[in-house]
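All remarks here apply to the structure that follows.
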Amino acid sequence: KNICLPNGNILGTSVDFEDVEAINKKISPVLSKLTKTKFFRTVKLDLYKKCDLWENDDVCLQEECKVEQIQPSHIPNKWKSKNSSSFGGFSPFKLDKVKKQNQSPKNFALVYDETEDSEEAVWVDLVNNPEKFTGYAGSSANQIWLTIYQHNCFDVAPFMTDTASGWGDQKTGTNNIISQFVNPPSNSNMLTQFLINLGQEIFGFTQKVEIPLEFQMFYNSVSGLHASTSTHICYDHYNKETGTWSPNLGCFIARIGSFPERLRNIYFNYALLLRSIQRLSPFLKQYNYNDEKNVSDNASSSEMSTKELVNQLTNIAASIDKPFNENLLFKNEKTKDLIPEFKATFMNISRIMDCTGCEKCRLWGKTQILGIGTALKTLFSYGNSDETISNIPSGSSANSPKIETSDALASNFGNIDIKRNEIVALIATFNQFSQSLHNIEHFRSMYHDLLTKY
Ligand code: FAD
């Protein structure tokens with residue numbers, strides 16, 4: 001078995017795994033500095049929203065699960081200003097579980113309005129609350145992931161190529177798998193195996209249905225997020241016997257290293273996030289980060305301003321070939337209308353995160369779903385195009401990132417309604433995947449050291 005090495009191609013990308021690791025070596029030093037600036041380490045999330053799906057009584061009370069909050073008095077007024085609210089009252093999707101909308105029609109994840117006062121929302125310093133082992137586990141944690149995978153059940157009927165002699169005629173295992181697709185198995189191991197083998201097993205057998213790349217992308221993103229979370233847990237792992245924190249190779253091999261497709265999905269998300277940063281570069285470069293050097297940035301390890309670091313990051317990103325081809329997706333007759341279904345599904349995942357019984361896990365779950373949602377929004381809500389998203393009028397402020405594009409661009413991109421916390425989540429999520437790649441390389445070398453010993 002190919003332990004600790006991904007295999008196969010990265011879906012929708014033109015790069016291989018070595019390329020992604022080489023790119024990460026260029027990007028991670030500046031990305032890591034950027035995420036330590038005040039602007040990018042500070043996020044406001046509706047962390048204490050009630051779980052709508054079930055009674056959530058399995059709550060982790062251990063110290064490691066808790067989140068340290070920032071007092072609102074330490075937050076720049078500009079970030080809290082009501083004037084910055086750019087959307088309201090639009091409810092484009094019929095979601096079973098999501099009650100309150102106020103969402104831009106372009107959103108893939110629920111975007112919390114930072115300017116809203118609510119007991120559910122808190123300001124948090126992401127650097128002071130890193131994603132690592134917390135001890136949150138068991139049926140409650142498994143249930144969240146399982147519920148998220150269950151939302152992968154898109155309607156495959158339009159993708160049947162021979163409906164006349166279709167599924168109903170099959171008396172064998174195919175019907176069984178198709179019925180599972182509608183009603184996925186409740187056991188998480190079975191479910192995962194089923195999802196992974198779905199394409200080959202059903203379609204190798206009947207040749208009746210082709211799984212669209214778009215559905216695969218959904219699964220890859222979620223599985224990649226899950227795998228990246230597990231990588232952080234195993235890297236920053238607490239050994240109860242010795243009372244020390246250190247990388248746990250056994251944990252990594254058991255959860256990620258011996259599953260090449262899980263590894264692959266981490267690289268997939270990295271490529272997706274990088275591509276969205278490429279497209280968003282002009283917007284990010286012109287954004288007003290309000291961080292003149294005199295604005296306190298106590299834990300920044302950098303002498304450079306946030307803007308200078310963003311410029312560095314976007315310049316490196318621009319020097320890299322397109323790592324992900326969004327033009328392959330949502331383009332053909334059958335898939336071009338799938339975007340609303342995707343948005344609705346991703347938004348439901350944001351809500352499922354509310355049911356996570358550990359504050360810190362919820363913080364990172366929500367932040368990263370928002371980060372991936374922002375990447376998808378960047379790539380698919382402003383037209384599938386090689387062009388970058390730009391044309392920011394002068395005088396735009398950090399509080400009003402809603403950008404009016406010129407008429408010429410409006411037909412391609414519409415209004416760019418990306419809020420401060422979406423930008424923060426996008427960069428923070430990219431950094432989490434960047435760190436995961438670093439962690440994977442570390443585990444790979446631990447594994448090789450172990451092999452050479454015996
Ligand atoms: P789980 O990770 O719970 O996985 C359940 C099942 O899903 C597995 O048995 C396997 O069949 C399948 N599976 C596993 N990985 C993948 C994959 N990548 N792709 C497809 N299928 C897969 N714990 C912490 O210590 N720190 C955290 O920061 C943290 N954050 C979390 C955030 C969220 C949103 C959630 C839901 C949980 C979080 N947890 C965290 C808990 C952690 O993710 C695990 O649930 C827990 O460690 C138990 O792990 P497990 O081995 O039972 O399997």
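Just the heavy atoms: all of them, side chains too, but no hydrogens, waters or symmetry mates, feed the values below. We're numbering straight along the sequence, starting at 1. Every number for a ligand or one of its atoms is a count from 1 in the order of the listing.
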Within-shell test, [X] vs ligand 1, heavy atom, strictly < 4.0 Å:
{"X": "F259", "answer": "no"}
{"X": "F133", "answer": "yes"}
{"X": "A254", "answer": "no"}
{"X": "Y238", "answer": "no"}
{"X": "K360", "answer": "no"}

Open item on the list: For F133 and Y235: C-alpha separation, side-chain torsions, deciding distance, then whether ring-ring contact (aromatic ring centres under 6.0 Å, His included) applies.
Closed with: CA-CA 8 Å; F133 176 86; Y235 190 79; over 10 Å; no
Task: Geometric N/O contact S223 with ligand 1, under 3.5 angstrom - done: yes
Task: N or O pair under 3.5 Å between S230 and ligand 1 - done: no
I want to confirm something. Looking only at heavy atoms, which of [options] is nearest to [atom]?
{"atom": "atom 32 (C) of ligand 1", "options": "C361, S228, C251", "result": "C361"}
{"atom": "atom 1 (P) of ligand 1", "options": "E261, E131, H226", "result": "H226"}
{"atom": "atom 28 (O) of ligand 1", "options": "Q368, K132, E64", "result": "K132"}

Open item on the list: Below 4.0 Å, non-hydrogen atoms only: which portion of L146 touches ligand 1? Side chain, backbone, both or neither.
Closed with: neither
So, [X] and [Y]: side-chain donor and acceptor under 3.5 Å apart, yes or no?
{"X": "N24", "Y": "Y270", "value": "yes"}
{"X": "E359", "Y": "Y48", "value": "yes"}
{"X": "T231", "Y": "S436", "value": "no"}
{"X": "Q432", "Y": "E131", "value": "yes"}

Counting each atom of ligand 1 from 1 as listed, which ones have a heavy atom of [X] under 4.0 Å away?
{"X": "Y219", "value": "20 (C)"}
{"X": "A227", "value": "18 (N)"}
{"X": "I144", "value": "36 (C)"}
{"X": "T134", "value": "23 (N), 24 (C), 25 (O), 26 (N)"}
{"X": "G135", "value": "25 (O)"}
{"X": "M353", "value": "34 (C)"}

Do any N or O atoms from the side chain of [X] and from the backbone of [Y] form a donor-acceptor pair under 3.5 angstrom?
{"X": "S434", "Y": "F430", "result": "no"}
{"X": "S223", "Y": "N220", "result": "no"}
{"X": "K377", "Y": "D417", "result": "yes"}

Ring geometry between [Y] and [X] (parallel below 30°, tilted from 30 to 60°, perpendicular above 60°):
{"X": "F380", "Y": "F108", "answer": "tilted"}
{"X": "F39", "Y": "W79", "answer": "perpendicular"}
{"X": "F342", "Y": "F330", "answer": "perpendicular"}

